[in-house]
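Below is one structure, written out as structure tokens; comments come after it.
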Amino acid sequence: QVQLVESGGGLVQTGASLRLSCAASGRTFTDYAMGWFRQAPGKEREFVAVINRSGRNTAYADDVKDRFTISRDNAKNTVYLQMNSLKPEDTALYYCAADRQGYLPLRHYEYDYWGQGTQVTVSS
């Protein structure tokens, strides 16, 4: 089992920045690719970003790739999502997830473990 705990969400204005953190425990952190997803009310969960086990490779959704940066600190068992130039459409519950099998998994059903989420609200 892997336990994931997100933090760092909040209420911000358009154009602001936030950094989300996801602390992992329970298994070897470097065995897992780590992803961030988000879900807005009434919408499906959508992919945001993913980072491979070593941290050398990443992938992003098109609407965040110039604004968000995913990173990981394997010594701290933590993955981060730096979010800049936030927009109201970024408002959602943000989840981190861990996948043991894939290299850069993009789909939510590929992931084995999920956190409880942290709310990000961007006001206009």
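Everything numeric in this text was worked out from a predicted model, so none of it was measured.
- Residues A40 and T91 share a closest heavy-atom pair of CB-O, 3.7 Å.
- A salt bridge links D63 with R38: the distance from a Lys NZ or Arg NE/NH1/NH2 to an Asp or Glu carboxylate oxygen falls below 4.0 Å.
- Here the options are V79, L104, N57, the test is side-chain contact (heavy atoms from CB on, under 4.5 Å), and the partner is I51; only V79 passes.
- At a threshold of 4.5 Å between non-hydrogen side-chain atoms, the residues S17 and M83 do not count as touching.
- R100 contributes atom CZ, which lies 8.0 Å from atom CZ of R53 (distance to the nearest 0.5 angstrom).
- Residues in residues 5-99 take part in these disulfide bond (SG atoms under 2.5 Å apart) pairs, two or more places apart or across chains: C22-C96.
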Go through the steps to decide whether Y60 and T69 satisfy the test side chain to side chain contact (heavy atoms under 4.5 Å, CB included), and finish with yes or no. CA-CA 8 Å; Y60 296 90; T69 302; 3.8 Å; yes
Side-chain donor-acceptor pairs of residues 29-37 under 3.5 Å, sequence neighbours excluded:
from, atom 1, to, atom 2, distance (Å)
W36, NE1, Y80, O, 3.4

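- Distance alone, capped at 3.5 Å, places no donor-acceptor pair between the D73 side chain and the T78 backbone.
- The two residues S54 and N74 have their closest heavy-atom pair at O-ND2, 4.1 Å.
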Trace of the side chain to side chain contact (heavy atoms under 4.5 Å, CB included) decision for D90 with R67: CA-CA 11 Å; D90 294 318; R67 301 182 294 123; 2.7 Å; yes
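- Counting only heavy atoms from C-beta outward, the side chains of L18 and L86 approach each other to under 4.5 Å.
- The residue from L81, L93, L20 that alone fulfils the side-chain contact (heavy atoms from CB on, under 4.5 Å) condition with V120 is L20.
- With R107 contributing its side chain and F47 its backbone, the two residues share no donor-acceptor pair below 3.5 Å.
- N77 contributes no side-chain N or O that, together with a main-chain N or O of R27, makes up a donor-acceptor pair within less than 3.5 Å.
- Taking all atoms of both residues into account, the shortest heavy-atom contact from P88 to S124 is CG-CB, 3.9 Å.
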Step by step, would you call Y113 with Q1 a side chain to side chain contact (heavy atoms under 4.5 Å, CB included)? CA-CA 8 Å; Y113 302 101; Q1 283 279 11; 3.2 Å; yes
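- The main-chain N or O of G9 is found under 3.5 Å from a side-chain atom of T118 such that the two form a donor-acceptor pair.
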Give the intermediate values and the outcome of side chain to side chain contact (heavy atoms under 4.5 Å, CB included) for residues N84 and F68. CA-CA 6 Å; N84 299 327; F68 292 9; 6.0 Å; no
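- When the shell of 6.0 Å around CD of E89 is examined, it contains more than 12 heavy atoms from other residues, nucleotides or ligands.
- Here the CG atom belonging to D112 is positioned 10.0 Å from the CD atom belonging to E110, to the nearest 0.5 angstrom.
- Y94 has its side chain out of reach of E6: every pair of non-hydrogen atoms, C-beta onward, lies at least 4.5 Å apart.
- Residues D99 and Y111 have side chains that never bring a donor and an acceptor to within less than 3.5 angstrom of each other.
- Both W114 and V50 sit in one connected hydrophobic cluster of ILVMFWY residues. Membership requires side-chain heavy atoms under 4.5 Å apart, directly or through other members.
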